[in-house]
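Below is one structure, written out as structure tokens; the observations come after it.
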Amino acid sequence: MIYLRQTFQLHPDQYKRCTQFFNDYTLPLHRENGARLTGRYVTKARDEITTVWEYNSYEHYKTVNEKIKQSELFKEAEKRRKELEPFYLNKQEEFMEATGNYQFPKHIVSVSAYITNNVGEVLLVKNEHRNDTYEMPGGRMEIGETLEEAVRREVFEETGITADITGITGVYQNVTRGIVCIVFKGVYRSGDLRTQPGETQEVLFKGLNEGELDKLVTKEHFKIRITDARDREGVAVESYYVRPYEVVHRIES
């Protein structure tokens, strides 16, 4: 294994847009083409970012970068980069070798929700970084959250809607990117629709017959999650501690 350490010096005002670009483009481009992210770190002053990538070999590194340059997302990223420049003040790269095997399995846990209103319409969003399709609201789970807390927070942050969660309708693993997505089902409780700057550019409730589903949802894996949620009532969900066992929250299907 070899590791590529990238160090970026930047003005603190550049940190937010640099990180957003990394999440939207750099990370998916590298992970989908075979690189592995070991870590990304920023100083307290927000004036230096360090990113470490893992590769099987130097040849593997070159292969990954060739694949990245041939992808459509790379073209989008280059266009976006020019719009946001300057990104950083200085960049340094250095290859390193590990002194031992200290790697542990890592996965990202994300949540999304099939939320309906009182006339059966489904809550959908169009994200700023993935604006070629509508999808269910959702995002990454944060440390310390229960599953229900995570999905309720994501729905509210992206849409302004508070929902009652009734169960889980599916669990989906993106093997390529190391993401496990848990899809919930729920109903509208309160709130007014609104977008979230930097995340959602459109939010709406929409009736989804088969024609509308194919028209609005262009990603096949999003269609599958929606139809699974539509056709299932859900299963029980429980969050708990151990030693001693203590239930934090439980949803009965």
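Residues: numbered from 1 along the sequence shown.
- Annotation: side chain of Thr159 is in contact with side chain of Leu123 (closest heavy-atom distance under 4.5 Å).
- Phe95 is linked by a ring-ring contact (aromatic ring centres under 6.0 Å, His included) to Tyr58, Tyr61, counting only residues two or more places apart in sequence or in another chain.
- Atoms CD and CG, on Glu121 and Leu204 in that order, are 8.5 Å from each other to the nearest 0.5 Å.
- Among residue pairs with one or both ends in residues 55-71, those qualifying as salt bridge (Lys or Arg N to Asp or Glu O under 4.0 Å) are Glu59-Lys62; sequence neighbours excluded.
- Listed by chain and residue number, nothing satisfies the ring-ring contact (aromatic ring centres under 6.0 Å, His included) test with His11 (two or more places apart in sequence, or in another chain).
- Judged as a ring-ring contact (aromatic ring centres under 6.0 Å, His included), the pairs with a partner in residues 28-48 (not counting sequence neighbours) are, in order, His30-Trp53.
- The shortest side-chain heavy-atom distance between Arg130 and Lys219 falls under the 4.5 Å cut-off.
- Figure legend: cation-pi geometry between Arg36 and Tyr55 absent, as NZ or CZ is not positioned both under 6.0 Å from the six-membered ring centre and within 45° of its axis.
- Screening residues 179-201 for side chain to side chain donor-acceptor pair (under 3.5 Å), with sequence neighbours left out, gives Asp164-Arg189.
- Of the charged side-chain nitrogens involved, at least one lies within less than 4.0 Å of a carboxylate oxygen, so that Glu72 and Lys75 count as a salt-bridged pair.
- Between Ile161 and Gly191, the closest heavy-atom pair is CD1-O, 3.6 Å.
- In this structure, Arg153 pairs ionically with Glu142, as a charged nitrogen and a carboxylate oxygen lie closer than 4.0 Å.
- A salt bridge between Glu154 and Arg152 is absent, with no side-chain N of the basic residue lying under 4.0 Å from a carboxylate O of the acidic one.
- The side chain to side chain contact (heavy atoms under 4.5 Å, CB included) with Tyr172 is formed by just one residue from the set Ile179, Ile182, Asp228; it is Asp228.
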After noting the C-alpha distance and the side-chain angles of Leu213 and Ile226, does the key distance pass the side chain to side chain contact (heavy atoms under 4.5 Å, CB included) rule?
CA-CA 9 Å; Leu213 179 61; Ile226 289 173; 4.1 Å; yes
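- Using a 4.5 Å heavy-atom cutoff, the side chains of Leu27 and Leu37 are in contact.
- The closest side-chain donor-acceptor pair between Tyr3 and Glu94, if any, does not fall under 3.5 angstrom.
- Every residue two or more places apart in sequence or in another chain that forms a ring-ring contact (aromatic ring centres under 6.0 Å, His included) with Phe8 is listed here: Tyr88.
- In the hydrophobic cluster analysis, where Ile, Leu, Val, Met, Phe, Trp and Tyr join through side-chain heavy atoms closer than 4.5 angstrom, Ile49 is grouped together with Leu29.
- The pair Arg80-Asp24 does not meet the salt-bridge criterion, since no charged nitrogen lies less than 4.0 angstrom from a carboxylate oxygen.
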